[in-house]
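Below: one structure, written as structure tokens.
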Amino acid sequence: MPAIETDGLTKQYGDLTALADLSLSVESGALFGLLGPNGSGKTTTIEILTGQRKPDAGTASVLGIDPVANPREVRDVVGILPEREDPPSFLTPREYLRFVGEVRELDDVDDRIDRWADRLEFTETLDTVAADLSEGQRQRVMLGQTFVHDPDLVFIDEPLVNLDPILQERVKRELRAYCADGNTLFLSTHFVDVAADLCDRVGILDGGHLRGTQETAEFDDDDLLDYFMETVDGGDVATAGGRSGGLAGETTPGTTEEALDS
């Protein structure tokens with residue numbers, strides 16, 4: 001049984017079509033990426049799959065659970081990291097992760113916190129109030145809360161935002177190891193190199209429409225960028241730039257180079 005399956009998901013916000021008849025399947029153990037420009041429907045897709053938003057039409061299954069009918073059940077068993085989400089500014093990472101552990105009714109929560117703080121390299125800031133942490137340090141804490149309960153499936157919106165290049169590589173290794181253990185990762189990004197480096201398979205989303213899916217092993221990075229440029233509106237919103245290319249108007253994590261409109 002696929003870890004994620006959708007059939008005809010559709011979502012309207014007034015006259016805006018956020019999703020149009022989205023049908024896809026993600027196998028267990030996959031590292032799947034949803035790639036598209038801002039406003040393409042990536043976040044809406046994750047919100048529906050995690051029971052945070054209801055579609056106007058269509059169905060979905062997440063680990064065999066209907067997220068529309070049983071949103072709490074889905075959120076109990078998956079990990080979720082929205083884009084630019086921060087820990088509460090008045091708590092330390094340790095206090096925040098203990099709170100997450102209490103909500104999720106975890107045993108040995110302190111051991112779990114220590115393990116993920118070590119793996120994501122924020123042990124030294126565990127007892128520093130979050131208001132005094134850098135953006136990258138806060139991102140590490142939020143990654144920790146995503147995995148602290150050892151979920152079988154994780155949703156991450158822009159996994160490498162605010163991380164320096166060295167930590168980006170370490171996080172990539174952690175995400176690959178997570179899937180190598182048989183777990184499933186569903187990430188969204190507008191960065192072609194993130195999708196190419198991390199994902200086994202990608203789906204291209206544009207204007208709420210799934211334009212196609214591809215195995216990333218079939219492409220070199222530059223070829224993958226060319227494929228996206230050809231697929232998303234005939235290249236109107238994709239950027240030039242090879243491995244540092246994102247989608248129009250965006251910059252690559254860990255760089256200051258601006259994306260170029262085609």
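Note that the structure is a prediction, hence the values are computed from the model and not measured. As a basis for the values below, the full set of heavy atoms in this structure was taken, side chains included, without hydrogen atoms, waters or symmetry mates. Starting from 1, each residue takes its place in the sequence as its number.
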Between the side chains of Arg115 and Asp111, is the shortest nitrogen-to-carboxylate-oxygen separation below 4.0 Å, so that they form an ion pair?
no

Under 6.0 Å from the OH atom of Tyr178, do we count more than 12 heavy atoms belonging to anything else shown?
yes

For the residue pair Thr92 / Asp127, report whether a side-chain donor-acceptor contact shorter than 3.5 Å exists.
no

Compare all side-chain heavy atoms of Leu106 with those of Arg98 and state whether any distance is below 4.5 angstrom.
no

Tell me if a side-chain donor or acceptor on Ser25 pairs with a main-chain N or O of Glu5 at a distance below 3.5 Å.
no

Heavy-atom side-chain contact between Lys172 and Leu160 under 4.5 Å:
yes

Would you give the length of the straight line joining atom CD of Glu158 to atom CG of Leu163, rounded to the nearest 0.5 angstrom?
11.5 Å

Find the distance between OG1 (Thr17) and NZ (Lys11) and round it off to the nearest 0.5 Å.
11.5 Å

Quick one: are Ile46 and Leu34 in side-chain contact, heavy atoms under 4.5 Å?
no

Fit a plane to each ring of Trp116 and Phe147, take the angle between them on a 0 to 90° scale, and name the class: parallel (under 30°), tilted (30 to 60°) or perpendicular (over 60°).
parallel

Backbone of Gly41 reached by a side-chain donor or acceptor of Thr44 within 3.5 Å
no

Straight-line distance of Gln139 CD to Leu81 CG, nearest 0.5 Å:
5.5 Å

Check for a donor-acceptor pair, side chain of Asp181 on one end and backbone N or O of Asn183 on the other, with a separation under 3.5 Å.
no

Between Arg140 and Glu121, the two heavy atoms sitting closest are NH1-O, 2.5 Å

Note, Asp150 side chain near Arg112 side chain (heavy atom, < 4.5 Å):
yes

Euclidean distance, Arg72 CZ relative to Asp76 CG, rounded to 0.5 Å:
4.5 Å

For the student: nearest non-hydrogen atoms of Leu175 and Pro159, plus distance
CD1-CB, 4.3 Å

Residues Arg176 and Asp200 bridged, charged N to O under 4.0 Å
no

Can you tell me how far the CD1 atom of Ile4 sits from the CG atom of Leu153, to the nearest 0.5 Å?
4.5 Å

Donor-acceptor pair, side chain of Thr189 and main chain of Ala195, under 3.5 angstrom
no

Heavy-atom side-chain proximity of Val62 to Phe186 below 4.5 angstrom
no

Donor-acceptor contact present, side-chain Gln12 to main-chain Gly14, <3.5 Å:
yes

So Leu35 and Val192, do their side chains get closer than 4.5 Å, heavy atoms only?
yes

Is the backbone N or O of Ala57 less than 3.5 Å from a side-chain atom of Thr10, with the two atoms forming a donor-acceptor pair by type?
no

Backbone N or O of Asp132 within a donor-acceptor pair of the Gln137 side chain at under 3.5 Å?
no

N/O donor-acceptor pair under 3.5 Å between Arg119 side chain and Arg170 backbone
no

Hey, what do you get for CG (Asp197) to CG (Leu31), rounding to the nearest 0.5 Å?
11.5 Å

Counting distance only, does the side-chain N/O of Lys42 pair as donor-acceptor with the main-chain N or O of Leu205 below 3.5 Å?
no

Determine whether Thr59 and Asp7 satisfy the following criterion, side chain to side chain donor-acceptor pair (under 3.5 Å), listing intermediate values before the conclusion.
CA-CA 5 Å; Thr59 61; Asp7 183 16; 4.6 Å; no

Beyond-backbone contact of Leu133 with Pro93, side-chain heavy atoms, under 4.5 angstrom:
yes

For Val78 and Pro151 the tightest heavy-atom approach is C-CB, 3.9 Å

Which atom of Val202 lies closest to which atom of Phe32, heavy atoms considered:
C-CE1, 4.1 Å

